[in-house]
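Input: a single structure, listed below in structure tokens.
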Amino acid sequence: MHGEYKVPGGKLVIVDFDVEGGALQNVRVAGDFFLEPDEALDDINAALEGLPAASDAKQITAAITAGIRSDAVMLGFSAEAVAVAVRRALTEATSWADYEWEIVHDDAVPPRTHLALDEVLASRVGEGRRRPTLRFWEWDESAVVIGSFQSVKNEVDPEGAEKHGFEVVRRISGGGAMMMERGNVVTYSLYVPAELVQGMSFADSYAYLDDWVLQGLRNVGIEATYQPLNDIASPAGKIGGAAQKRLGSGGVLHHVTMAYDLDNEKMLEVLRIGREKISDKGIASAAKRVDPLRSQTGLSRSAIIESLKQTFASLTGATAGTVSADELAEAEALVETKFATREWLYRVP
């Protein structure tokens, strides 16, 4: 069996082994990581040898941690990373290179249609009816998009939203509210098969699916980093956040919104951002939480998106595509039956 795991911001871990009698045999760990002393690699292999194939990631990590010598130095990887590689081998996980990718960057549609397209396209990827896809959103309306489990009244100031022209909509993924002002955000969705993140925890999958965009942001001069669980940040501040939903079809939706430009005063009028929200951020006010892409790059929004598209294409070989007429029709029908209904929006009042 063969498993690979590219540590976000780190190195590639590769593991090969056989499974005999329900246990790992003939284990060989490799990769482009750094490890001192050399003999510590033998420790890792020995720790995995004979381990039950039913072991979960925590048990594998514990075995490596207990088996490796105390003076070992692991750079660019960790015991947890080796465990993920082992689990990915055992679950027959796939990699980015196993798929033909598509990049979609169509004209603007209403916010509710964007949310419906997320559900439709992720479902179709899971069903094998669409290639894995990266889709950039275009906006000609402004919206507050709240998480699946958030309370409308707790997150949005209705007077502020009406004053500034923000529609309130609810997405299918969890996470926090995002103020998406027309022309001032960069939003994209990844629709991937569940096999791509097989063997990973939810936390690991967030970092794994965000790794390409960190590379893309660095290409435009931003020292971007991943901050658990779902933030993309830089030394100047938070840039954006991710949310994820795994569907019964076998598709995974992973979408990210990053602030291109931000009117802090407007944000504070539209969103109810209290002290509890920012208590763990080490800052004095919500107005200082987000540092937009415009101030850090000096580039236009369209130039940043084009650079990100080029980065993704160079890493995956993706080609340009579009949402088909029947996919759009299915999404518009879903808007009418779900995303435009009061029952959906106020399912958590």
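Computed from a predicted structure; not experimentally measured. Count residues from 1 along the sequence.
- Between V256 and T187, every side-chain heavy-atom pair lies at or beyond the 4.5 Å cut-off.
- The closest side-chain donor-acceptor pair between T322 and D106 falls under 3.5 angstrom.
- Distance alone, capped at 3.5 Å, is enough to place a donor-acceptor pair between the E49 side chain and the V27 backbone.
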side-chain contact (heavy atoms from CB on, under 4.5 Å) between Y260 and I304, worked out
CA-CA 9 Å; Y260 171 69; I304 291 172; 3.9 Å; yes
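- No more than 12 heavy-atom neighbours from other residues, nucleotides or ligands sit within 6.0 angstrom of CZ on R342.
- Cluster annotation: V335 is not connected to L117 through the hydrophobic network of ILVMFWY side chains, with a link wherever side-chain heavy atoms come within less than 4.5 Å.
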Tell me, with the steps shown, if V13 and V7 meet side-chain contact (heavy atoms from CB on, under 4.5 Å).
CA-CA 7 Å; V13 179; V7 180; 4.3 Å; yes
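- Looking at heavy atoms from C-beta onward, V82 lies in side-chain contact with F77 at the 4.5 angstrom threshold.
- A salt bridge links D118 to R135: at least one charged side-chain nitrogen sits closer than 4.0 Å to a carboxylate oxygen.
- The six-membered or imidazole ring of Y188 lies away from that of W137, with a centre-to-centre distance of 6.0 Å or more.
- A salt bridge is defined here as a Lys NZ or Arg NE, NH1 or NH2 lying under 4.0 Å from an Asp or Glu carboxylate O, and R28 with D16 fails to meet this definition.
- Both L299 and F312 are assigned to one and the same hydrophobic cluster, defined by single-linkage of ILVMFWY side chains at heavy-atom distances under 4.5 Å.
- For the pairing with L253, the side-chain contact (heavy atoms from CB on, under 4.5 Å) check across I172, L121, L190 returns one residue only, I172.
- In this structure the side chain of I60 reaches within 4.5 angstrom of the side chain of L48, judged on heavy atoms.
- Ion pair D204/R88 not flagged as a salt bridge, since none of the NZ, NE, NH1 or NH2 atoms sits closer than 4.0 Å to an Asp/Glu carboxylate oxygen.
- Geometrically, R246 engages F202 in a cation-pi contact, judged by NZ or CZ lying under 6.0 Å from the ring centre and within 45° of the ring axis.
- When side chains are defined from C-beta on, I44 counts as touching I68, because their heavy atoms get closer than 4.5 Å.
- Salt bridge present: E100 and R131 bring a charged side-chain N and a carboxylate O closer than 4.0 Å.
- Salt-bridge annotation for E269 and K163: present, with a side-chain N of the basic residue lying under 4.0 Å from a carboxylate O of the acidic one.
- Salt-bridge check for E119 with K338: passed, with a basic side-chain N closer than 4.0 Å to an acidic carboxylate O.
- More than 12 non-hydrogen atoms from other residues, nucleotides or ligands lie less than 6.0 angstrom from CD of E20.
- Of all the heavy atoms in K6 and G10, the pair that sits closest is NZ-O, 3.0 Å.
- Residue P193 comes nearest to V125 through the heavy atom pair N-CG1, 3.7 Å, listed as atom of the first residue, atom of the second, then distance.
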Check the pair V270, D157 against side-chain contact (heavy atoms from CB on, under 4.5 Å), reporting the backbone distance first and the verdict last.
CA-CA 5 Å; V270 173; D157 185 314; over 6 Å; no
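- Remark: R171 is not positioned above the aromatic ring of F149, lacking an NZ or CZ atom under 6.0 angstrom from the ring centre and at most 45 degrees off the axis.
- The six-membered or imidazole ring of W212 lies away from that of W96, with a centre-to-centre distance of 6.0 Å or more.
- With D98 contributing its side chain and S95 its backbone, the two residues share a donor-acceptor pair below 3.5 Å.
- A distance of 4.0 Å separates CG of N219 from OG1 of T311, quoted to the nearest 0.5 Å.
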Pair Q296-S234, side chain to side chain donor-acceptor pair (under 3.5 Å): steps then yes or no:
CA-CA 9 Å; Q296 295 201 46; S234 77; 2.9 Å; yes
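- Inspection of the E327 and S324 side chains reveals an N or O donor paired with an N or O acceptor under 3.5 Å.
- A salt bridge links E138 with R301; the closest basic N to acidic carboxylate O contact falls under 4.0 Å.
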Does D326 form a salt bridge (charged side-chain N to carboxylate O under 4.0 Å, His left out) with R124? I'd like the steps, not just the answer.
CA-CA 12 Å; D326 68 302; R124 291 198 176 202; 2.8 Å; yes
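- Judged purely by distance below 3.5 Å, without hydrogens or angles, the side chains of S205 and Q244 pair a donor atom with an acceptor atom.
- With a 4.5 Å cut-off on side-chain heavy atoms, M178 and V144 do not count as touching.
- A centroid separation of 6.0 Å or more is found between the aromatic rings of H254 and Y191.
- Put simply, the side chain of L214 reaches to within 4.5 Å of the side chain of R218, judged on heavy atoms.
- A distance of 11.0 Å separates CZ in F339 from CZ in R112, rounded to the nearest 0.5 Å.
- The aromatic rings of H114 and W139 lie tilted to each other, with the angle between the two planes from 30° to 60°.
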S173 and H255: side chain to side chain donor-acceptor pair (under 3.5 Å), yes or no, with the steps?
CA-CA 9 Å; S173 61; H255 45 197; 2.6 Å; yes
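- Between M74 and A79, the closest heavy-atom pair is CE-N, 3.6 Å.
- You'll find the side chain of V120 reaches within 4.5 Å of the side chain of L334, heavy atoms only.
- Under a cut-off of 6.0 angstrom, the local environment of CD in E162 is sparse, with at most 12 non-hydrogen atoms contributed by other residues, nucleotides or ligands.
- Within 6.0 Å of CG on D107 lie no more than 12 heavy atoms contributed by other residues, nucleotides or ligands.
- The minimum heavy-atom distance between A143 and V169, with the atom names listed, is CB-CG2, 4.4 Å.
- Considering every non-hydrogen atom in both R170 and L345, the closest pair reads NH2-O, 2.7 Å.
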Apply the test side-chain contact (heavy atoms from CB on, under 4.5 Å) to residues I14 and Y5: give CA-CA distance (whole Å), side-chain angles for both, the deciding distance (0.1 Å), then the verdict.
CA-CA 7 Å; I14 302 170; Y5 178 58; over 6 Å; no
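- A single hydrophobic cluster is not seen to contain both V104 and L134; linkage of ILVMFWY side chains at heavy-atom distances under 4.5 Å, directly or through other members, places them apart.
- Ion pairing between a basic and an acidic side chain is recognised when a charged N comes within 4.0 Å of a carboxylate O; E80 and K58 show no such pairing.
- No side-chain N or O of T113 forms a donor-acceptor pair with one of E332 less than 3.5 Å apart.
- The closest donor-acceptor contact from the side chain of N45 to the backbone of V29 lies under 3.5 Å.
- For E127, the CD atom counts as densely surrounded, since its 6.0 Å shell holds more than 12 non-hydrogen atoms of other residues, nucleotides or ligands.
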So R130 and T133, side chain to side chain donor-acceptor pair (under 3.5 Å) or not? Walk me through it.
CA-CA 8 Å; R130 159 173 277 277; T133 301; 2.9 Å; yes
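- Following chains of ILVMFWY side-chain contacts shorter than 4.5 Å, one cannot reach V185 starting from L293, and the two form parts of different hydrophobic clusters.
- Note on L308: it does not cluster hydrophobically with M180, by side-chain heavy-atom contacts below 4.5 Å among ILVMFWY residues.
- Looking at every heavy atom in both residues, P292 comes nearest to V290 through CD-O, 3.7 Å.
- Side-chain atoms of S148 and R347 form a donor-acceptor pair, as typed in the model, at a separation below 3.5 Å.
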Worked check of side chain to side chain donor-acceptor pair (under 3.5 Å) between E223 and T225
CA-CA 7 Å; E223 297 178 41; T225 56; over 6 Å; no
